[in-house]
Colleague: 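Okay, here's the structure, questions in a sec.
Nothing here was measured: the structure is a model prediction, and the numbers come from that model. Every heavy atom of this structure was used, including side-chain atoms; hydrogens, water molecules and symmetry mates were not. In this chain, residues are counted from 1 in sequence order.
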Amino acid sequence: MATYEWFPRPRNYAFETKAFEAVAVPATSHPLKAITVTEVKKSGDKKEINRAPATSSAPKAVLGDPLGMSDPLSGGISVEFDGLDPLSRIMKGDSLTSGKASRADSIKISKLDEVDGGNSLSETFEPWSLKKAGILARYTTSEKLSITTSFLSPSDQEKVVIKTQTQSQTTGTVSDKVRNRLEQLDDFEEGSVKEMLNLSQQEYVKRIEELNQALITAWDSDHRVKALKIAIQCSKLLADVSVIPFYPSKFVLITDILDTFGRLVYERLLDKAQSSLPGSARPHRLSANFTSDEVPEAAKETCRNWFFKIASIRELIPRLYVEAALLKSYNFLNTGEYSDALLRLSLMSRGIGDPLVAVYSRCYLCRVGILVAPKFKEHIPRCFEDFITTFPQVQGETVQNTLALQKLEMPRYLTLFSPALDWILQCLAHSASETLLNETMDQCKQHCNNALMINSIMSAFQPQFIANRALVFTEMIRDCEGTGLPKHLLYRTLGLCLVVAETPEDQRLSVLNEVWKAVVKLKNPSDYIGCAEVWIEFVVKHCGKREINIFLGDIIKHMTPDRAYEDFYPQLQSVVSKVLAHQHDFSLLFSLDKFLTFIDMFQRESIKVEICKCILESFNKHQVTAINDPVVINAMMFLGKIMHDSVDALTLDDEKRVIGQLLCGFIRLVQFGRDFEQQLSFYVESRAYFSNLDAVLITLIHSVNNLAVETRRVVKGNHSSKTAPFVRACAAYCFITIPSLQAIFSQLQLYLLSGQVAILNQCYSQGDAFFKAAISLIPEVPKTMDGDSKSRSSEPYLLEFLYSFVATLLVTPDNPEAGVMYLLRGLLNVLHDYTWDPNSDARILVYSRVLAMLSAASQEEYLYHIDKVDSNDSMYGNDPKFLAEVKSMADTLIAEILTHLKTISAPEFSKRQSSLITEIVSVLLTTCDFSQQSVATLTVNLWGLAQKNGQADVKTLKKLLDVAKAKASAGSTAFQGLLPKLVINSS
């Protein structure tokens, strides 16, 4: 193999920088302006598109611009560019597609109008669908249930014979058809009805679901009367109070079936109303908000039939429920019929004797009424007044006997009214004024000053209305009958209203004292903490440090006996969260002697760690300024230590990441200003506290390096007898800490960074130590690394580090006692012995970068320097012995590169070889002296070898050739002689 010598190309960096400097010119059009198509012309097979010009003329320079040029993104030239750029318009709330957005909004509004005639409920109105799950979960029973039906039985289902109409009936009068349908209905009512006993709650729910499915199946099979029969039998179940505790859940299940029935009837009538009219092939279409005038007579007749069937139901409860389910269908008969029907049905509900059954029937009327006619509310006050009037019935003999028979206490019985009463009051209070609240409160005081009623009123009306009358409600709660709901639940509900509203300032302290006089007497920890977790937010929002401390102390006093706090960790966590949500002054927070005592109640490790995370999250989020308060720092160190000590070998990586990020955020916020020694002491203490988390150690190392750089900035690079030892102490801190890291690549990067900082501070021996440590660590780099649940090669990361390291070595001064470029020699020796992937060319790629660095090191003046640090160009002064050493190293690398190319000369490696040669040639073209025959010959030979098997990247070769042409045209005789030999094969 031929031997080639390496010669660096002399460089004039100042001239090269100036030659390639871009010339600034004013922009003639806005780079972000949208292109607008103004006209599309079609000429033959071609389309001509005329676009609106971006601007008619170049903008003038902005006054006061030192460069004499205009900023194309500046808002100051918006006139010349016809408005703001799109990004600025978005920031101002405008949009290029504002027209489209407004049209989309109008479409959404029109769709809402189609649903409910434009009378949509506000977002504050909680729909029934969100309440159902809570009712089903709360009102359960372990008692046996029964169900009466003609469609389901434990054994095989009996077949129900449906009478078919004869030809004469089909052609008879309308009244004959109605009579026939009513006869069928009577047959069902008096036919195969069976009662299923001893059903568990799960079995009962299953039977109800089967009834729902049977209704849908019957409807799909055109058995309309059968579907009606199912709806009637389901409604009858709502008259059964044999298992009272389950009644609210039963109401939810049954009314779901009635809702399904009402929807099927409405869709059937709508389809019939839009079918083709007699004598017309075109279908009849109703408008979105159609009136009864648009409905064909045939559809009206069908609708009347349905309501005639309902009117024929003999029992009150099924007749009321089924008609209410079909309420929306009244629109086919008479627009606005809803109001009369709702009023009539509300009067019908007065005929229901059982107060529980009656209140739920009124609840259903309000539920369907608020959907069908949101603006009509006259029936709602009537339903509420009827409830108040009939409420004394709960003390009647019939109810008392039923409760005694079922062994149900009155307080539990009264809680069964809550879902229905809450819904009626929500409908009553929706969009209501404060006057209505006053009237409702007066009614409550006069007729039904019951805890259940007061609780529902506070839950239904706007919290601000309640807050404006906070003192009045505390008096009502104090004086009300406690039967039904314990008063601590009322205080909790009142607190929930007050924490989301603004209580009048003159009432706040009085309300708190009045409430807390009652709450503090609670002996049951569950009752007490239920109120405390709500009212703590009121205290934190409206009171001071003293009150917060007293409140926390009171919670500790109630929850400590018998270690009661162990059963209420979620509530205690809620207390901490609410304190942190409103109190962002951590100096004040940690000055409370009860706060950390409160935290100590969390004895379970996992819960305590979660609390510590919650506090540090709040600290990192809300602490926007640096802190140096020792009380805060010590408290946060204590909490951080708890989090850190929870990490072990089984801790998930995500958990470690979260804890590490929180601790890092805290460390960054601690700043002691110019007291650098105290700052370093804090970092030393943090390392001792948080030594097992790589993320924290990395942050500490970066912080200490930043501290050393800040010290240099303060002294302007001229270290004194005090600052010089300090920056060396910073370097020692990093040197000791880096080996503690688990990740080798983190160690390598930090060794490099810390070495750079040490050299910047003229700590040459420390810098050498960092670089030596990095070099000695390279053999330990694993061949693969884990990440994202898969293993991948570590070579790309190693190459990235080596490129940065080699670039740093250019300006790192040599140790006179160690020889020329001893660090680079040591690196090359390690790389030579490192076990590289046999299918990789990474080592040669590093060698090519080292060649480029050696070329830069041979220059009389280097491209870049470290301030106040003499690099080798100053130390050696272009000494021939130094240049000879550099040339010797480069010659050795050239030989290594050629040897490697020979090992991959086989045909199967031709593409790999060509790619590698192209990389080497690019380095030679930019760094070598081609006036030397050896270098020119080497480059030409490699150029030809790259194209030997036709595997070279032609585009890359063309770019390299363009570089050579540019240098030749610039007057380089060496490139002019080389250019004819660099030929790209046409094949």
Side-chain angles (χ1 to χ4, degrees), residues 4-13 16-17 19-20 795-796 799-800 802-807 810 831 840-859 863 886-887 889-902 904-905 909-970 972 974-985:
Y4 296 97
E5 288 188 77
W6 174 86
F7 295 93
R9 179 166 67 90
R11 308 285 293 273
N12 186 334
Y13 293 119
E16 291 180 17
T17 301
F20 289 101
E795 279 190 357
L799 285 177
E800 182 182 358
L802 291 173
Y803 293 163
S804 299
F805 190 36
V806 170
L810 173 64
L831 295 179
S840 169
D841 302 316
R843 180 169 64 96
I844 303 305
L845 292 175
V846 177
Y847 286 170
S848 67
R849 297 302 190 279
V850 175
L851 283 177
M853 179 267 192
L854 292 175
S855 176
S858 302
Q859 307 305 314
L863 176 61
V886 171
K887 182 177 181 303
M889 293 172 62
D891 289 342
T892 302
L893 291 177
I894 291 291
E896 289 281 347
I897 291 172
L898 294 177
T899 300
H900 180 78
L901 290 176
K902 188 176 180 180
I904 57 173
S905 59
F909 300 130
S910 58
K911 187 172 183 179
R912 172 183 165 190
Q913 185 188 56
S914 298
S915 176
L916 181 59
I917 291 174
T918 304
E919 183 74 22
I920 296 168
V921 169
S922 67
V923 173
L924 296 177
L925 285 176
T926 53
T927 63
C928 291
D929 183 4
F930 289 98
S931 63
Q932 301 293 331
Q933 184 62 39
S934 176
V935 176
T937 303
L938 172 63
T939 304
V940 171
N941 290 344
L942 290 174
W943 185 277
L945 184 61
Q947 303 181 82
K948 180 179 179 181
N949 294 313
Q951 297 291 336
D953 186 350
V954 177
K955 290 183 179 180
T956 304
L957 292 179
K958 287 182 178 179
K959 291 179 181 178
L960 294 176
L961 189 58
D962 291 340
V963 171
K965 289 179 180 178
K967 295 185 179 296
S969 61
S972 174
F975 277 97
Q976 290 173 357
L978 178 68
L979 199 57
K981 302 176 182 179
L982 301 180
V983 179
I984 299 177
N985 296 335

Colleague: Which heavy atom of Ser914 sits nearest to which heavy atom of Ala946, and what is that distance?
Modeller: OG-O, 2.9 Å
Colleague: What distance do Trp943 atom CH2 and Ile984 atom CD1 have between them, rounded to the nearest 0.5 Å?
Modeller: 5.0 Å
Colleague: Assess whether side chain to side chain contact (heavy atoms under 4.5 Å, CB included) is satisfied between Lys967 and Phe930, documenting all intermediate values.
Modeller: CA-CA 11 Å; Lys967 295 185 179 296; Phe930 289 98; over 6 Å; no
Colleague: For Ala842 and Ser840, which heavy atoms make the closest approach, and how far apart are they?
Modeller: N-OG, 3.1 Å
Colleague: How far does CD of Gln947 sit from CD1 of Ile917, to the nearest 0.5 angstrom?
Modeller: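 Here the rounded value is 10.0 Å.
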Colleague: Between Leu916 and Leu845, is any pair of side-chain heavy atoms under 4.5 Å apart?
Modeller: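 A side-chain contact exists here, since the closest heavy-atom pair is under 4.5 Å.
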Colleague: Taking the side chain as every heavy atom from C-beta outward, state whether Val850 and Leu802 have any atom pair closer than 4.5 Å.
Modeller: no
Colleague: Return the CE to CH2 distance between Met889 and Trp6, rounded to the nearest 0.5 Å.
Modeller: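 Result: 10.0 Å between the selected atoms.
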Colleague: Could you walk me through whether Arg843 and Glu795 pass salt bridge (charged side-chain N to carboxylate O under 4.0 Å, His left out), step by step?
Modeller: CA-CA 10 Å; Arg843 180 169 64 96; Glu795 279 190 357; over 6 Å; no
Colleague: Counting C-beta onward and ignoring hydrogens, is there a side-chain heavy-atom pair between Lys948 and Leu945 closer than 4.5 Å?
Modeller: yes
Colleague: With a 4.5 Å cut-off on side-chain heavy atoms, are Leu851 and Ile897 touching?
Modeller: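 Touching, per the 4.5 Å side-chain cut-off.
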Colleague: A side-chain contact here means heavy atoms from C-beta on lying under 4.5 Å apart; do Leu810 and Leu863 qualify?
Modeller: no
Colleague: Do any N or O atoms from the side chain of Asp891 and from the backbone of Glu5 form a donor-acceptor pair under 3.5 angstrom?
Modeller: no
Colleague: Let me confirm one number: the CG-CD1 distance from Leu893 to Ile920, rounded to the nearest 0.5 Å.
Modeller: 11.0 Å
Colleague: Let me confirm one number: the CG-CG distance from Leu898 to Leu942, rounded to the nearest 0.5 Å.
Modeller: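 Nearest 0.5 Å value for the CG-CG distance: 6.5 Å.
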Colleague: Is the number of heavy atoms from other residues, nucleotides or ligands within 6.0 Å of NZ (Lys887) greater than 12?
Modeller: yes
Colleague: Take Val940 and Leu978 through the test side chain to side chain contact (heavy atoms under 4.5 Å, CB included) and record every step on the way to the result.
Modeller: CA-CA 8 Å; Val940 171; Leu978 178 68; 3.5 Å; yes
Colleague: Count the heavy atoms belonging to other residues, nucleotides or ligands that lie under 6.0 Å from CD of Glu800, then report whether that count exceeds 12.
Modeller: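 Not buried by this count: 12 neighbours or fewer within 6.0 Å.
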Colleague: Does some side-chain heavy atom of Glu919 sit less than 4.5 Å from a side-chain heavy atom of Arg849?
Modeller: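 Yes. Closest side-chain heavy atoms under 4.5 Å.
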Colleague: Rounded to the nearest 0.5 Å, how far apart are NE2 of His900 and CD of Gln913?
Modeller: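 Taking NE2 in His900 and CD in Gln913, the distance rounds to 9.0 Å.
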Colleague: Of all the heavy-atom pairs spanning Leu979 and Ala964, show the shortest one and how long it is.
Modeller: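 Looks like CD1-CB, 3.8 Å.
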Colleague: Hey, is the main chain of Ser922 close enough, under 3.5 Å, to the side chain of Thr926 for a donor-acceptor pair?
Modeller: yes
Colleague: Within 45° of the ring axis of Phe909 and under 6.0 Å from its six-membered ring centre, is that where the NZ or CZ of Arg912 lies?
Modeller: yes
Colleague: For Lys911, is there any backbone N or O sitting under 3.5 Å from a side-chain donor or acceptor partner on Ser915?
Modeller: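 No, the answer is negative, given that no donor and acceptor are paired below the 3.5 Å cut-off.
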